[in-house]
Visitor: 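Right, I'll just put the structure down here and ask away after.
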Amino acid sequence: MTRTTLTALLLTMPLAAQAQETLNFYNWSDYIAEDTIPNFEAETGIDVSYDVFDSNEVVEARMLTGSTGYDLVVPSLEFMARQAQAGVFQPIDTSKISNYGNLDPEIMRIIATNDANNTYGVPWMMYSVGPGYNTAMVTERLGAEADLDTWDMVFDPANAERLADCGIALLDSPSEIVGAALNYLGLDPNSEDTADLEQAIELLNGIRPHIRYFHSSQYINDLANGDICVSVGYSGDILQAQDRAVEAGNGVEITYTIPREGALLGFDMMAIPADAPNPDAAHAFIDYFLRPEVTAAVSDAVFYANANKAATPLVSDEVRNDPGIYPPEETVAKMYTPTPKSARFDRALTRAWTTLKTGR
């Protein structure tokens with residue numbers, strides 16, 4: 001074949017055949033159905049490079065350095081809002097998302113309090129943060145009559161001491177754990193008052209000797225295997241641990257509760273970096289994800305609620321009727337949504353958290 005003939009052939013080939021399109025996707029660990037990406041790739045011809053993280057602080061540090069190479073990332077709402085103010089993300093082009101109308105208007109209204117006019121993000125999943133526990137281990141140590149739908153199980157030093165031998169884990173997430181401590185103390189969970197932060201850290205220092213580790217994903221398998229007995233974690237992660245224990249048939253029974261004092265109600269958001277190499281691929285994936293059957297399959301796989309009103313009827317009864325995933329109105333009324341924090345407070349929070357974890 002001559003060079004002229006080869007050139008002519010290349011010019012007539014479809015663009016996708018000449019250069020494979022790629023979506024670089026950065027998401028939380030254990031947060032997608034097994035067939036979501038393969039089905040998207042097969043349908044669109046877009047290859048997906050999929051990386052994972054396990055804390056907002058990790059993804060924020062990476063995003064603020066710029067030039068990450070990602071087309072789509074999934075930070076929590078309050079972090080996305082702060083990063084958007086710093087110019088990290090580009091506006092979502094809803095004209096490229098034919099399924100955007102499937103989103104629940106009431107949920108989008110709540111999200112808009114942190115993302116004005118729903119400019120920068122599209123909800124991936126909703127979650128709460130609370131204690132998951134090994135029912136048998138905790139009952140054995142705290143007694144059959146123990147009250148287990150309260151933060152007292154973790155934040156009361158006497159209870160934490162009784163549970164220390166079977167293992168307590170906390171999320172390695174200062175904003176979420178400190179927020180829970182503030183709420184437990186009857187303070188504003190979104191407070192940036194230094195005195196309030198000191199009270200929350202004092203509470204956490206009281207249970208620190210009884211905490212086995214701080215981690216934002218290890219607890220899933222450890223709960224499922226019976227290696228720890230309590231973890232303050234993300235609702236879906238704990239319910240995944242519950243499911244893994246059932247599949248393993250190891251006799252471990254895991255329970256997740258939203259404490260009666262209230263808990264964080266959060267939203268993880270799909271957002272497109274301002275310097276995304278392929279924003280069209282990101283929009284294509286968002287549109288694909290918002291198909292009711294795709295969103296419902298992810299909810300069923302990861303045990304998290306979604307914001308897609310058209311998907312809700314397709315979610316399995318097991319997931320849709322679980323109050324730990326879709327909490328009833330009276331529970332939601334006691335929950336709080338985190339807000340973006342100032343850089344000044346964030347520095348103070350990071351220092352206090354580091355001191356708490358290291359004991360120095």
Side-chain angles (χ1 to χ4, degrees), residues 10 13-77 79-80 83-84 86-94 96-100 120-125 127 172 215-218 220-221 234 236-237 240 267-291 293-302 304 306 308:
L10 288 171
M13 289 173 65
L15 180 62
Q18 295 182 46
Q20 182 66 53
E21 198 173 3
T22 300
L23 170 70
N24 297 295
F25 191 3
Y26 198 30
N27 196 3
W28 292 83
S29 59
D30 300 289
Y31 211 25
I32 197 166
E34 287 186 4
D35 62 355
T36 309
I37 288 175
N39 288 348
F40 173 74
E41 291 177 322
E43 179 175 319
T44 65
I46 298 173
D47 281 342
V48 178
S49 175
Y50 191 76
D51 294 335
V52 299
F53 56 89
D54 66 4
S55 79
N56 276 300
E57 287 75 17
V58 167
V59 70
E60 179 167 79
R62 189 154 188 179
M63 294 307 301
L64 293 177
T65 63
S67 302
T68 64
Y70 289 115
D71 301 300
L72 191 63
V73 298
V74 189
S76 296
L77 174 60
F79 283 81
M80 185 203 76
Q83 293 157 22
V88 167
F89 299 115
Q90 59 181 269
I92 298 293
D93 186 348
T94 57
K96 297 179 178 179
I97 306 174
S98 61
N99 292 305
Y100 193 81
Y120 293 103
V122 175
W124 174 260
M125 290 284 148
Y127 64 94
D172 190 5
H215 202 278
S216 296
S217 59
Q218 180 181 336
I220 302 175
N221 281 331
Y234 300 116
D237 284 0
Q240 286 180 51
F267 302 88
D268 289 325
M269 307 293 292
M270 292 179 283
I272 304 173
D275 60 354
N278 196 349
D280 284 343
H283 282 95
F285 183 87
I286 293 171
D287 192 39
Y288 171 78
F289 174 76
L290 290 181
R291 293 180 189 175
E293 66 277 12
V294 175
T295 306
V298 175
S299 278
D300 280 344
V302 301
Y304 283 94
N306 65 73
N308 187 331

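One is the number of the first residue; the rest follow in order along the sequence.
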Visitor: Between Glu21 and Thr44, does a side chain to side chain contact (heavy atoms under 4.5 Å, CB included) hold up when you go through it step by step?
Guide: CA-CA 9 Å; Glu21 198 173 3; Thr44 65; over 6 Å; no

Visitor: Can you give me the closest heavy-atom contact between Gly121 and Met269, atom names plus distance?
Guide: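 Closest approach of Gly121 to Met269: C-CE, 3.5 Å.
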
Visitor: Please assess Ser29 against Asp54 for the test side chain to side chain donor-acceptor pair (under 3.5 Å), listing each intermediate value before the final yes or no.
Guide: CA-CA 6 Å; Ser29 59; Asp54 66 4; 5.7 Å; no

Visitor: When you measure from the side chain of Glu41 to the backbone of Val48, do you find a donor-acceptor pair of N or O atoms at a distance under 3.5 Å?
Guide: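 At least one qualifying donor-acceptor pair exists.
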
Visitor: Taking salt bridge (charged side-chain N to carboxylate O under 4.0 Å, His left out) as the definition, give me every residue that meets it alongside Asp172, ordered by chain and number, with sequence neighbours left out.
Guide: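 Salt bridge (charged side-chain N to carboxylate O under 4.0 Å, His left out) list for Asp172, sorted by chain: Lys357.
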
Visitor: Is there a donor-acceptor contact under 3.5 Å from the side chain of Asp237 to the main chain of Ile220?
Guide: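 No.
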
Visitor: Going by the salt bridge (Lys or Arg N to Asp or Glu O under 4.0 Å) test, which pairs reach into residues 61-77, not counting sequence neighbours?
Guide: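 Sorted pair list comes back empty.
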
Visitor: State which residues pass salt bridge (charged side-chain N to carboxylate O under 4.0 Å, His left out) with Asp300; sequence neighbours excluded, sorted by chain then number.
Guide: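 Per chain and number, Asp300 pairs via salt bridge (charged side-chain N to carboxylate O under 4.0 Å, His left out) with no residue.
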
Visitor: Does some side-chain heavy atom of Trp124 sit less than 4.5 Å from a side-chain heavy atom of Tyr304?
Guide: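 Not touching, per the 4.5 Å side-chain cut-off.
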
Visitor: Could you state the interatomic distance from CD (Glu43) to CZ (Arg291), rounded to the nearest 0.5 Å?
Guide: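 Reported value, rounded in 0.5 Å steps: 4.0 Å.
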
Visitor: Please confirm whether the backbone N or O of Ser49 pairs with a side-chain atom of Asn24, one donor and one acceptor, at under 3.5 Å?
Guide: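 Looks like no, no N/O pair under 3.5 Å.
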
Visitor: Go through Thr36 and Phe285 one step at a time and tell me if the side chain to side chain contact (heavy atoms under 4.5 Å, CB included) criterion holds.
Guide: CA-CA 10 Å; Thr36 309; Phe285 183 87; 4.1 Å; yes

Visitor: Using the test salt bridge (charged side-chain N to carboxylate O under 4.0 Å, His left out), find all partners of Glu57 that sit at least two apart in sequence or belong to another chain.
Guide: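 By the salt bridge (charged side-chain N to carboxylate O under 4.0 Å, His left out) rule, Glu57 matches no residue at all.
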
Visitor: Assign the ring pair Phe53 / Trp28 to parallel, tilted or perpendicular, where the plane angle (0 to 90°) is split at 30° and 60°.
Guide: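 Ring orientation of Phe53 relative to Trp28: tilted.
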
Visitor: With sequence neighbours left out, what residues match Asp268 under side chain to side chain donor-acceptor pair (under 3.5 Å)?
Guide: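 For Asp268, the residues satisfying side chain to side chain donor-acceptor pair (under 3.5 Å) (neighbours in sequence not counted) are Tyr31, Ser76.
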
Visitor: Has Asn278 got a side-chain atom pairing as donor or acceptor with Leu23's backbone, closer than 3.5 angstrom?
Guide: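 Not at all, since once roles are kept as given, no pair shorter than 3.5 Å links the two residues.
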
Visitor: Just wondering, do Ile286 and Ile92 contact through their side chains at under 4.5 Å, heavy atoms?
Guide: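 Ile92 vs Ile286: side chains touch.
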
Visitor: Taking the side chain as every heavy atom from C-beta outward, state whether Ile97 and Leu290 have any atom pair closer than 4.5 Å.
Guide: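 Yes, at least one pair of side-chain atoms sits under 4.5 Å.
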
Visitor: Taking the side chain as every heavy atom from C-beta outward, state whether Phe25 and Val74 have any pair of such atoms under 4.5 Å apart.
Guide: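 Contact flag for Phe25/Val74 side chains = yes.
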
Visitor: Side chains of Thr295 and Met125: closer than 4.5 Å at any heavy-atom pair?
Guide: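 They are in side-chain contact.
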
Visitor: Please assess Met63 against Val59 for the test side chain to side chain contact (heavy atoms under 4.5 Å, CB included), listing each intermediate value before the final yes or no.
Guide: CA-CA 6 Å; Met63 294 307 301; Val59 70; 4.1 Å; yes

Visitor: Can you name the salt bridge (charged side-chain N to carboxylate O under 4.0 Å, His left out) partners of Asp30, sequence neighbours left out?
Guide: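 Listed in chain order: Arg244.
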
Visitor: Would one find more than 12 heavy atoms of other residues, nucleotides or ligands at under 6.0 Å from atom CD of Glu293?
Guide: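 It does: Glu293 CD has more than 12 such atoms within range.
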
Visitor: For Gln240 and Val302, indicate whether the former's side chain and the latter's backbone hold a donor-acceptor pair under 3.5 Å.
Guide: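 Checked: pair present.
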
Visitor: Go through it in stages, so that I can follow the logic: the residues are Tyr26 and Thr68, the test is side chain to side chain contact (heavy atoms under 4.5 Å, CB included), and I'd like the CA-CA distance, side-chain angles, deciding distance and then a yes or no.
Guide: CA-CA 10 Å; Tyr26 198 30; Thr68 64; over 6 Å; no

Visitor: Parallel, tilted or perpendicular: which fits the ring planes of Tyr288 and Phe40, with parallel below 30° and perpendicular above 60°?
Guide: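 Tilted: the ring planes of Tyr288 and Phe40 meet at 30° to 60°.
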
Visitor: Minimum heavy-atom separation for Pro38 and Glu34, please, with both atom names.
Guide: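 In this case the closest contact between Pro38 and Glu34 is CD-O, 3.4 Å.
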
